[in-house]
Amino acid sequence: MATTTESAEASPIGRKTPRVDGPLKVSGKARYASDFHFPGLLYAVPVEATIANGRVTRIDASVAEQMPGVRAILHRENIGRIFRSVAGQGFEGVIDERRPPFEDDVVRYYGQYIALAVADTFEAAKAAADSVRVNYSRDKHNVETDLKADDEPEIVQTTFAKSPRVQSHRGNPDAAFESAPVKLDQTYVTPVTTHNPIELHATTATWDGTTLTLYEASQAVFNHRGVIAQMFGLPQERVRVITQFLGSGFGGKLWPWTHSSLAAAAALKLNRPIKLVVSRRMMFQTVGHRPRTQQRVRLGATPDGKLVSLHHEYVTHKAILDYYHEDCGEATPFHYSVPNLHVAFGRASRNVGSPTAMRGPGAVPGLYATESAMNELADQLKIDPVQLRILNEPKLDESLGIPFSSRHYLECLSLGAEKFGWAKRTPGIGSMKQDGLVLGWGMAGCAWVAARFPASASVYLRDDGTARVACGTQDIGTGTYTILAQLLAEKTGVSLDKIEVILGDTSLPEGPVSGGSMVTGSLVPAVFEAAGNAVTSLLALATSAPGSPFAKRKPDELALGGGKVFIKADGAATGVSFADVLKRANVRMVTGSGKSEGSFGNPKPKFSTHSFGCHFVEITWQPEIARLRVGRVVTVIDAGRILNPLAGRNQIEGAVVMGIGMGLLEHTTYDPQNGAPINSNLADYMVAVNADVPPIDVHFLNYPDKEINELGARGIGEIGLAGVAAAITAAVHHATGVRVRELPVKIEHLLV
Ligand code: MOS
């Protein structure tokens, strides 16, 4: 294992660094989208459709309009024009639900917004929204869970790529499977799950006659600006989107949703600031979810455990008008060595709001299926599941025919097995017991793509000894403020408490979307270049300013370290603080900007860049009272160099907790009667809470991946969720003998 660098020079990189924004958050000073207040602010509450398919035949707002404090009831007849947005280059027009609100009178899912009440108070707006009378003509809706692909799924530009129906293919998989000595053919199902960040979606919109400003809960302010500019026909420079803090998003806040354009429309129309907070119930209807997936996996193998074929064919549901693609086959083509492979998908239209990316989109449900199949194959062959994976370790990315930049999956497996004590596992069902409980042990691997998005940043060094780094990316809650401070400290030696980090504003240099686990990796080169350019400016000033102690020197004889400018030949101890250099020159600050290219989506990469890992899970089972718990988890992650092990561990632990929810608790259920998500609240939609969480032992391998950036950091936000559910279901089988292939595992499954 590579060692962590905690050198004597006290580099901030690789050090456990508490959140620099922690004090703001715990003292309530961090402002989220709904925390912005303005004089004259009005509150908006949407009116939701109470059918899942049909038409609005009449909206009667006459009662609502007369209610005290009500300023307007906006609907299709009076809201004005809202245009469709079209994806441009990169992230500047990406949206999941492409139909603008109120565009037609058709209702395509329960909860679709059909009107908007605006009033002086939230209570008045809510009462007015409830008093709008709506008549419908109803059609039969379809929220069936059993999915069969639509005949010809339209091939369109999706969020990330053009999606062919056949996603990956090599060799002759049908023949190889047919003649394989050992076969496995199973279907795995994951239910609809709903993003439940603590912070509700919200928009506070202001219009000053020139600029439309949105205080938004967004994981991608620049894309949001692009969409809103298009929807209202405004030039981009007259739209500003601000997201200073996010109470997480899990992918649900990547792309704009209709409440945001409604808030903007109301601000423009009424010329007043508007606040619209999506309710927890609406969060289940109008701001995305992970779609249901049905995944058939067929494995062909030799008796000694070598894979000869792999079929992964899946169907997911989609909304009527939209084409979000849950890319379940994301990791399948490269994860294991197999000469014959077929990955294909289809989509089934349903009367639901558009699904969208949720933490580890595609790979998380996909790896649940393929890793479950690997575990079943191991049992069928009577080979240890860790050993089966070792036997099928690829030498290169067989789907692209190129090497991995840095893959240490086998070391993840061996370290995880060692830390967990896997060697003590006895394979017999229910054969392991402890303190009167049956133990089940299971494991699974995981992978997640690594790449960079384009990024830019600016750096100031100021005459009071402080420094500032700014970038129009967001901190979704993962620690981006802290990482940027660490990067600038690394490059300048300015201490963290003297560094200001500014994020989440389209008036800043354009930054990456807080998605794909790519922010840190993308920002390293941009921030380093910006800092380097500010330092170059500083050193030039040090040699040119009249009276400077370095007046006779050349800039390249000098360096900045520990916050001091010094002559390299004399060593850092002899230096002068950069604040003094600036003060003597009567310069308030020197600035630098930096930019780096993206690598995501590169059609001809030289290396396959991914992170890897594995989970070992112990569950306890009390058959007498049908009590199932996760007892402990060991997780090993190979995500390049870990820049902040504190934030890193926090991400993996959080993801494992979410994995326990995915394995045992989370599922959104649609009421067949009216098509509504029926458990649309946090009492009926269960997420894992502290009482469900066992000790989670997280290990990082810490091998730098220089293909991603000079520090070798990949991303860690998503990978920890992949594989957890497959390890849990394997452990459940080991304890109970019951193979659950439809998540979540319910007690009913085990009462056999
Ligand atoms: Mo993530 S699902 O890329 O926000």
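Read the numbers this way: they start at 1 and go in the same order the structure lists the ligands and their atoms.
Annotation for ligand 1: atoms under 4.0 Å from non-hydrogen atoms of Met358 are 2 (S). For ligand 1, the atoms closer than 4.0 angstrom to any heavy atom of Arg359 are 2 (S). Which parts of ligand 1 touch Ser514 is read off a 4.0 Å heavy-atom cut-off, strictly below it: atoms 4 (O). The distance from ligand 1 to the heavy atoms of Glu718 drops below 4.0 Å at these ligand atoms: 1 (Mo), 2 (S), 3 (O). The contact set between ligand 1 and Gln219, taken as ligand atoms under 4.0 Å from a residue heavy atom, comprises 4 (O). For ligand 1 and Gly516, the ligand atoms under 4.0 Å from any heavy atom of the residue are 1 (Mo), 3 (O).
For Asp705 and Ser406, the side-chain atoms include no donor-acceptor pair closer than 3.5 Å.
With ring centers used as reference points, Phe404 lies under 6.0 Å from Phe612. Outside the 6.0 Å centre-distance limit, the rings of His289 and His195 are not counted as a close aromatic pair.
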Test salt bridge (charged side-chain N to carboxylate O under 4.0 Å, His left out) applied to Glu326 and Arg290, step by step: CA-CA 8 Å; Glu326 185 74 18; Arg290 199 198 293 280; 3.3 Å; yes
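Side-chain contact between Phe528 and Leu711 is present, with at least one heavy-atom pair separated by less than 4.5 Å. By the 4.5 Å heavy-atom criterion applied to side chains, Thr668 and Phe284 are counted as neighbours. Considering only heavy atoms from C-beta on, Tyr110 stays 4.5 Å or farther from Ile678 through its side chain.
Contact annotation for Ser517 and ligand 1: no heavy atom of the residue comes within less than 4.0 Å of the ligand. Only side-chain heavy atoms of Leu254 come within less than 4.0 Å of ligand 1; its backbone N, CA, C and O stay farther off.
When only interatomic distances are considered, the shortest N/O to N/O separation between Gly251 and ligand 1 falls below 3.5 Å.
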